[in-house]
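Here's the structure we're looking at; comments come further down.
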Protein chains: 2
Amino acid sequence: MVQKSKPPAVASEPERRGGPKRRGRPRAYEPEVALGKALDLFRKQGFAATSLDDLSEATGMNRPSLYGAFGDKRELYIKSYQRYREEARASMAEIFREDMPVRQRLERIFASALNIYLSGETGPRGCFTVVTAASEAVGDPEIRAMVLDGLTELDKAFASCFRRAKEKGELPESADPVVLAQLASATVHSIAIRSRARVSRKELEAIVKGAIDVMLGAKQ
Amino acid sequence: MVQKSKPPAVASEPERRGGPKRRGRPRAYEPEVALGKALDLFRKQGFAATSLDDLSEATGMNRPSLYGAFGDKRELYIKSYQRYREEARASMAEIFREDMPVRQRLERIFASALNIYLSGETGPRGCFTVVTAASEAVGDPEIRAMVLDGLTELDKAFASCFRRAKEKGELPESADPVVLAQLASATVHSIAIRSRARVSRKELEAIVKGAIDVMLGAKQ
DNA sequence: TGATTTTTGTACCATCTCGCAAAATAGTCC
DNA sequence: GGACTATTTTGCGAGATGGTACAAAAATCA
């Protein structure tokens, strides 16, 4: 009953101009925006510490509207996480679109991660996957599956990055793309955690640089 | 009630120093044991998702006793974390006591971490530092300082490990102990997160092995 | 024995929690 | 204009939450 009879207007644009006008009282909120606000909150505080009142205040929707639009708290959490993943995936795909040296690609990936983790008005927002893994993944199989999926997606992206590099001769034949990818993912996880402890951007960038050097064999 | 109401008469160390015998009603619990139970719970569920009722049930203490012994929920959380850190530090010190090849020492450190993260009756317990960083560190300066301290402690331990190795000629002169330590820490963080998503011990061990190989220059 | 001290057990409070059901509102379609 | 539809608003209720008050219980001390 919530989103069943909703017209397939998935794209946000056709709504405002000459679109197939929705019947009934118009919404006082924009779902995309509201979901973004919810995402911010969940990312900052985690699931349990975020109350419906918090969400209601942040989104500007009162609880029943929230409930009607996104389902209960857990569903909203899952939808927020999905949206987060989509955004992360998009910026990742962007980096993989054009051709460039491995080092540069790695730098851009890590820079993108840092931007995601450090941006935020009230402090670093961190990584949703890490927050979720820490709190909800143990007890909720569905959420755990999403976390697992997020982790392996990152692994695969890095692995393909290193595989390409090997093909182009940027890495020695002895290099193992999967192992290097796990190290790169680990670096991401590490800066995700450290960013929450308010480690400075400078230090995090230094960690990234050191990790890249080792992975590309500049050191050692 | 988990802890039975047996008198603590012959507790591990009831009273030291000639036993000036506590006056008043004897405790029905052992603080050390109770704190351990609280630690388990917090580690599993995080701060917000753990209620005083949960803690009361797990420790076998009712709320007033809990409050009297450890203070409010936040204080209990902090005390739990301190105890966790002490245990981790102890097992780390153990590994640093005797002399051994770097690879072996690294293997033992990671094995110790894996044991800590994976043990648990109701599933992997994960790393308190990661859980705390994800949930509480952003909002609570005191807790954040503890997390930061825990992170740098691990970094330093690894750094000293690599420094020793370099002195003994186990690593090339070009190796940077600090950078390698950050990579090692990152690997720990990564397996801490992955363990919560129920990644199998086997996979985690493979990640560790790959990371060690790269750090010691066996690959590349 | 009785006084003192410490802990325990029960009960309680004020607040917050999530979820829901009406009722009011604002638009579209005929 | 009136019927219809989708959304918002208000408000509620059963239960959980963190924290506390108070008296009974159990030990030591005098």
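In the text below, chain A, chain B and the rest are named by the order of the sequence lines, each starting its count at 1. In this text the structure is predicted, and so the values were computed from the model without any measurement.
- Ring geometry for B:Phe128 against B:Tyr77 counts as perpendicular: the plane angle is over 60°, on a 0 to 90° scale with 30° as the lower cut.
- For A:Tyr29, the listed nucleotide lying nearest its side chain is D:dT8; candidates were D:dT17, D:dT8, D:dG19.
- In this structure, the nucleotide among D:dT8, C:dT7, D:dG18 sitting nearest to the side chain of B:Arg25 is C:dT7.
- Whole-Å rounding puts the A:Phe70 CZ to C:dC18 C1' distance at 17 Å.
- Ion pair A:Lys209/A:Glu205 not flagged as a salt bridge, since none of the NZ, NE, NH1 or NH2 atoms sits closer than 4.0 Å to an Asp/Glu carboxylate oxygen.
- When each of A:Asp72 and B:Arg63 is assigned the nucleotide of DNA chain C with its nearest heavy atom, B:Arg63 is the one assigned upstream, toward the 5' end.
- A:Glu203 and A:Arg194 are not joined by a salt bridge, as no carboxylate oxygen comes within less than 4.0 angstrom of a charged side-chain nitrogen.
- Heavy-atom nearest nucleotides on DNA chain C were determined for B:Pro64 and for A:Ala49, and the one closer to the 5' end corresponds to B:Pro64.
- Side-chain N/O atoms of A:Ser51 include one lying less than 4.0 angstrom from OP1 or OP2 on C:dT17.
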Worksheet entry | Audit row: A:Ser51, A:Asp54, side-chain hydrogen bond (donor to acceptor under 3.5 Å, both in side chains) steps and yes/no | CA-CA 5 Å; A:Ser51 72; A:Asp54 293 340; 3.3 Å; yes

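- Atom-to-atom, OH of B:Tyr67 to P of D:dT17 comes out at 18 Å; the value is rounded to the nearest Å.
- Among the nucleotides C:dT8, C:dC18, D:dT17, the one closest to the side chain of A:Leu52 is C:dC18.
- Across the protein-nucleic acid pair, A:Glu30 atom CD and D:dT7 atom P stand 14 Å apart, rounded to whole Å.
- At a threshold of 4.5 Å between non-hydrogen side-chain atoms, the residues B:Ser65 and B:Asn62 count as touching.
- Phosphate proximity of D:dT8 to A:Asn62: absent, as no side-chain N or O sits under 4.0 Å from OP1 or OP2.
- In this structure, the CZ atom of B:Arg27 is 16 Å from the C1' atom of D:dT28, given to the nearest Å.
- Rounded to whole Å, atom P of D:dA16 lies 13 Å from atom CD of B:Glu57.
- Rounded to a whole Å, the NZ atom of A:Lys73 is 8 Å from the P atom of C:dG19.
- In this structure, A:Thr50 reaches the sugar-phosphate backbone alone: every heavy-atom distance under 4.0 Å involves primed, P, OP1 or OP2 atoms, never a base.
- Applying the 4.0 Å criterion to OP1 and OP2 of C:dT7, one finds that B:Ser65 has every side-chain N and O outside that range.
- Residue B:Asp53 contributes atom CG, which lies 12 Å from atom C1' of D:dG19 at whole-angstrom precision.
- Taking atom CZ of B:Arg74 as the reference point, atom P of D:dG19 lies 11 Å away to the nearest angstrom.
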